[in-house]
Amino acid sequence: MANVESFDLDHTKVHAPYVRLAGVKRTPRGDAISKYDLRLLQPNQGAIEPAALHTLEHLLAGYLRDHLDSVVDVSPMGCRTGIYLAVIGEPNEQEVLQAFGASLRDTAAHDRPIPGVSELECGNYRDHDLAAARQHAREALDQGLKVQETVLLQR
């Protein structure tokens, strides 16, 4: 089985909430695709409820694109402690940190319908929780976002 970067991260040594560059891949033409770990909760100490994480995914998918160029994808982590962000190019972590902070502020203040929530637009449109998503965004902002260095497991 191929190596998975996140399985090499020592999840006991990182401190959420944070932004972390998880890796950069090169296309055959040499273009960079960067993946960032946007962690809201401390690993193994809590999990975002599925409906709230689904709503965070919908809101951050739009808001991150408002604050950062070349967003390819915004996806929830299976462990439910954060979001993955994929972008074309190699923005520095401070740039991503600023975009994440601005997007969380937008999310915390979001008082309109959740975008993309209909049977036509979403594969599980009934599973959303705006109030909980806003609360997770506020809590992460209140704790203070930072850039987290990658801490690899000592194997």
Side-chain angles (χ1 to χ4, degrees), residues 4-6 9 11 13-27 29-43 45-118 120-125 127-151:
V4 178
E5 180 276 338
S6 63
L9 178 69
H11 287 75
K13 300 237 167 57
V14 295
H15 302 286
Y18 64 76
V19 167
R20 180 182 70 86
L21 176 62
V24 178
K25 298 278 187 182
R26 298 274 171 202
T27 68
R29 292 186 177 178
D31 298 312
I33 300 174
S34 301
K35 177 183 169 188
Y36 292 88
D37 173 346
L38 308 180
R39 192 79 60 157
L40 294 165
L41 297 182
Q42 186 64 26
Q45 293 185 17
I48 301 169
E49 309 77 25
L53 186 60
H54 191 188
T55 301
L56 283 165
E57 175 194 13
H58 276 237
L59 293 175
L60 291 174
Y63 287 135
L64 281 163
R65 284 173 169 86
D66 289 345
H67 298 290
L68 194 63
D69 291 334
S70 302
V71 171
V72 173
D73 188 47
V74 175
S75 305
M77 292 179 179
C79 64
R80 301 188 349 247
T81 60
I83 299 282
Y84 288 119
L85 169 68
V87 297
I88 296 170
E90 298 181 69
N92 68 49
E93 290 165 310
Q94 287 298 323
E95 209 176 334
V96 175
L97 181 73
Q98 290 175 353
F100 188 37
S103 298
L104 287 174
R105 285 189 293 279
D106 292 339
T107 297
H110 191 90
D111 62 357
R112 300 177 309 281
I114 302 162
V117 178
S118 75
L120 296 173
E121 301 164 306
C122 180
N124 195 4
Y125 74 99
D127 189 33
H128 283 277
D129 187 339
L130 179 57
R134 292 177 62 190
Q135 182 63 30
H136 281 292
R138 280 191 296 271
E139 288 172 0
L141 290 165
D142 289 347
Q143 291 174 35
L145 301 175
K146 63 190 155 302
V147 170
Q148 170 70 56
E149 295 300 319
T150 296
V151 182

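Given the structure is predicted, the values throughout are model-derived calculations rather than measurements. Below, all heavy atoms of this structure are taken into account, side chains as well, without hydrogens, waters or symmetry copies.
- Closest approach of Leu41 and Gly46 over heavy atoms only: CD1-C, 3.9 Å.
- Residues Ala133 and Leu56 come closest through the heavy atom pair O-CD2, 3.6 Å.
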Test Val72 against Val87 for side-chain contact (heavy atoms from CB on, under 4.5 Å), laying out the working first.
-> CA-CA 5 Å; Val72 173; Val87 297; 5.5 Å; no
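- By the 6.0 Å contact criterion, CG on Asp66 is enclosed, its count of non-hydrogen atoms from other residues, nucleotides or ligands being greater than 12.
- Leu21 has its side chain within reach of Ser34: a pair of non-hydrogen atoms, C-beta onward, lies under 4.5 Å apart.
- Judged by distance alone, with hydrogens and angles left aside, the side-chain atoms of Thr81 form no donor-acceptor pair with the main-chain N or O of Gln42 at under 3.5 Å.
- Put simply, CE on Met77 and CD1 on Ile83 are 7.5 Å apart, with the number rounded to the nearest 0.5 Å.
- In terms of heavy-atom proximity, Ile48 sits nearest to Gly82 at CD1-N, 4.3 Å.
- The nearest pair of heavy atoms linking Tyr36 to Glu90 is OH-C, 4.3 Å.
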Let me see the working for Leu97 and Asn92 under side-chain contact (heavy atoms from CB on, under 4.5 Å), right down to the final yes or no.
-> CA-CA 9 Å; Leu97 181 73; Asn92 68 49; over 6 Å; no
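- Minimum heavy-atom separation, Leu141 to Gly101: CD2-O, 3.8 Å.
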After noting the C-alpha distance and the side-chain angles of Leu85 and Leu60, does the key distance pass the side-chain contact (heavy atoms from CB on, under 4.5 Å) rule?
-> CA-CA 10 Å; Leu85 169 68; Leu60 291 174; over 6 Å; no
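- Looking at Arg134 and Leu59, their side chains never come closer than 4.5 Å, going by heavy atoms from C-beta outward.
- No side-chain heavy atom of Lys35 sits under 4.5 Å from any side-chain heavy atom of Lys25.
- A distance of 6.5 Å separates CD in Gln98 from CD in Gln94, rounded to the nearest 0.5 Å.
- The two residues His58 and Pro115 have their closest heavy-atom pair at ND1-O, 2.7 Å.
- With hydrogens and angles ignored, the 3.5 Å screen pairs no side-chain donor or acceptor of His11 with any backbone N or O of Pro43.
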Donor-acceptor pairs under 3.5 angstrom involving side-chain atoms of residues 144-151: please list them, not counting sequence neighbours.
from, atom 1, to, atom 2, distance (Å)
Lys146, NZ, His15, O, 2.8
Lys146, NZ, Pro17, O, 3.3
Gln148, OE1, His15, N, 3.0
Thr150, OG1, Arg20, NH1, 2.9

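- We find the CZ-CG distance between Phe100 and Leu68 to be 12.0 Å, quoted to the nearest 0.5 Å.
- The line from NE2 of His54 to CG of Asp127 is 6.5 Å long, rounded to the nearest 0.5 Å.
- No side-chain heavy atom of Val117 sits less than 4.5 Å from a side-chain heavy atom of Thr55.
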Evaluate side-chain contact (heavy atoms from CB on, under 4.5 Å) for Cys122 paired with His128, printing each intermediate quantity in order.
-> CA-CA 11 Å; Cys122 180; His128 283 277; 4.0 Å; yes
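- The backbone N or O of Tyr63 lies less than 3.5 Å from a partner atom in the side chain of Ser103, making a donor-acceptor pair.
- With rounding to the nearest 0.5 Å, the separation of CG in Leu64 from CG in Asp106 is 9.5 Å.
- Salt-bridge annotation for Asp37 and Arg39: present, with a side-chain N of the basic residue lying under 4.0 Å from a carboxylate O of the acidic one.
- In this structure, Glu93 contributes its side chain and Val19 its backbone to no donor-acceptor pair below 3.5 Å.
- Here Leu40 contributes atom CG and Gln143 contributes atom CD; the two are 9.0 Å apart, rounded to the nearest 0.5 Å.
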